[in-house]
Enquirer: 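First the structure, then my questions, so here it is.
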Protein chains: 2
Amino acid sequence: METKERLITIAGELFADLGFDAVSTRMITDKAGVKLSAIHYHFGTKENLYIECCVYAHSTGRKLTFGDVMTAEPSLLESPEGQATIIEKIVVESMHYHFEPSRPEWETKIIQREITHPTAAMRTLSEKIFKPDTKSAQDFYMIVRPEATEQEAQAWSDLMYGQMLLYKMAKQTIEMVRGENALDQEFLSTAAQTLARAMILEAGLPLPEKLIK
Amino acid sequence: METKERLITIAGELFADLGFDAVSTRMITDKAGVKLSAIHYHFGTKENLYIECCVYAHSTGRKLTFGDVMTAEPSLLESPEGQATIIEKIVVESMHYHFEPSRPEWETKIIQREITHPTAAMRTLSEKIFKPDTKSAQDFYMIVRPEATEQEAQAWSDLMYGQMLLYKMAKQTIEMVRGENALDQEFLSTAAQTLARAMILEAGLPLPEKLIK
DNA sequence: GTCTATAATAAGATAGAC
DNA sequence: GTCTATCTTATTATAGAC
């Protein structure tokens with residue numbers, strides 16, 4: 001792998017786990033098997049490297065949004081059952097996006113870390129990801145419940161954001177409290193279903209067959 | 001105020017906002033108007049100071065748990081309506097606990113930060129707060145839905161934990177994306193109601209009067 | 001592009017006077 | 001208990017040879 005890309009993936013992993021401050025440039029270059037000056041040659045500063053890690057992490061994945069589903073299958077919007085299906089789809093897909101074992105964990109974790117500790121990289125992420133993402137979730141809710149306020153729509157979509165944030169950022173703590181395998185695939189699948197049920201029912205929609213307990 | 005307590009409150013504020021690594025001991029002592037050596041005299045190390053901040057932050061507040069309500073008003077457990085009332089109470093109280101404007105923000109924020117970036121202070125917090133807290137929420141859910149699995153009960157209570165974490169830790173980002181006053185008291189009140197509705201309905205309970213939209 | 005060597009700075013911690 | 005002065009170490013960044 002090229003030195004530059006090597007540095008990004010290795011630094012990204014470290015940044016995601018330990019945070020910007022706790023990672024030294026030496027730690028990165030040692031692990032990458034290159035010399036310290038490589039960072040400054042390729043990125044200028046440590047901060048630039050961090051920003052490039054965020055940009056890279058974002059560019060690799062493709063997170064499904066309400067907007068995507070609404071344009072791909074607009075007919076689903078026409079019935080309460082279809083609307084409920086959309087919610088289920090998005091929740092399950094989001095959980096996959098964040099916790100698919102084959103995907104390097106740092107790529108989603110560094111974004112979540114950026115959400116809780118925004119740096120210079122946040123401006124880019126905010127415009128490119130969060131604003132459109134939030135907007136489409138909110139638009140969806142307003143279609144389902146046209147009488148709802150903007151605040152209600154936001155609070156509703158926050159149910160999903162909060163859950164993803166919790167499982168991504170508090171993993172270590174949860175495993176400490178509940179045991180080593182607390183967040184295994186089986187649990188995450190249960191959690192996705194529980195979250196989907198909660199969001200569907202809160203929106204006043206009927207539960208799809210497979211979500212009925 | 002005593003030097004020792006001064007240091008705890010001022011350091012706590014800085015740690016909560018910036019994180020352990022980003023706060024230097026000189027930053028703390030300068031702001032507190034004391035000399036650098038005061039930290040080492042009173043606490044020995046920077047890490048010890050951090051731990052004492054967490055302990056202090058925990059000891060000041062008293063968070064209402066499911067266990068508290070269940071022992072205080074056991075009769076509520078007997079009907080679905082009473083059970084729904086318990087959920088509503090806990091959610092609203094938790095939101096107050098975390099976002100009451102009169103309470104110093106750092107006291108809850110440093111705990112949330114500890115959840116996402118556990119340090120040596122976590123062992124204490126885990127045993128004293130999280131384990132009993134999680135346990136009582138889970139016990140409650142199993143009373144409401146005895147046929148539920150342990151995982152379902154956990155995923156359900158996570159709805160609340162995720163929400164609190166999101167609004168506490170991602171405040172800056174949310175305000176950047178949605179606007180300056182996105183998390184004002186009015187919104188937080190709406191969010192509490194939305195969360196309570198979602199949790200009550202997911203548990204298969206009837207909505208209390210004042211939560212019906 | 002990559003290396004070695006080094007500069008410049010800031011950090012946590014300590015010693016000892018008062 | 002608090003002060004000044006200092007130590008030790010680790011950090012980011014740079015200069016210049018190859």
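Values below: every heavy atom of this structure, side chains too, minus hydrogens, waters and symmetry copies. These numbers come from a predicted model, not from an experiment.
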Enquirer: Without decimals, in angstroms, what is the distance between Asp30(B) CG and dA11(C) P?
Expert: 10 Å
Enquirer: Answer yes or no: does a side-chain N or O of Thr3(B) lie under 4.0 Å from OP1 or OP2 of dG1(D)?
Expert: no
Enquirer: Using whole Å, report how far OH of Tyr41(A) lies from P of dT2(C).
Expert: 7 Å
Enquirer: Please determine which of Thr3(B), Ile10(B), Thr9(B) meets the side chain to side chain contact (heavy atoms under 4.5 Å, CB included) test together with Leu7(B).
Expert: Thr3(B)
Enquirer: Check the surroundings of atom NZ in Lys63(B): do more than 12 heavy atoms from other residues, nucleotides or ligands lie under 6.0 Å from it?
Expert: yes
Enquirer: Would you mind listing every ring pair (Phe, Tyr, Trp, His ring centres under 6.0 Å) that reaches into residues 110-133 of chain A, with sequence neighbours excluded?
Expert: His117(A)-His117(B)
Enquirer: Report the nucleotide, chosen from dT4(C), dT2(D), dT2(C), that has the shortest atom-to-atom distance to any side-chain atom of Lys35(A).
Expert: dT4(C)
Enquirer: Provide the full list of ring pair (Phe, Tyr, Trp, His ring centres under 6.0 Å) pairs with a residue in residues 84-104 of chain B, sequence neighbours left out, each pair given once.
Expert: none
Enquirer: Considering the options Glu150(A), Glu202(A), Gln83(A), Gln154(A), which one meets the side-chain hydrogen bond (donor to acceptor under 3.5 Å, both in side chains) requirement together with Tyr141(A)?
Expert: Glu202(A)
Enquirer: For each nucleotide in nucleotides 11-18 of chain D, reading 5' to 3', give B when a protein heavy atom comes within less than 4.0 Å of its base, S when such contact involves only the sugar-phosphate, and - otherwise.
Expert: BBBB----
Enquirer: Give the rounded distance in Å between these two atoms: CZ of Arg6(B) and C1' of dG1(D).
Expert: 15 Å
Enquirer: Is it the case that Lys4(B) places NZ or CZ above or below the six-membered ring of Tyr41(B), under 6.0 angstrom from the centre and within 45 degrees of the axis?
Expert: no
Enquirer: How many whole angstroms separate atom CG of Leu7(B) from atom C1' of dG12(C)?
Expert: 15 Å
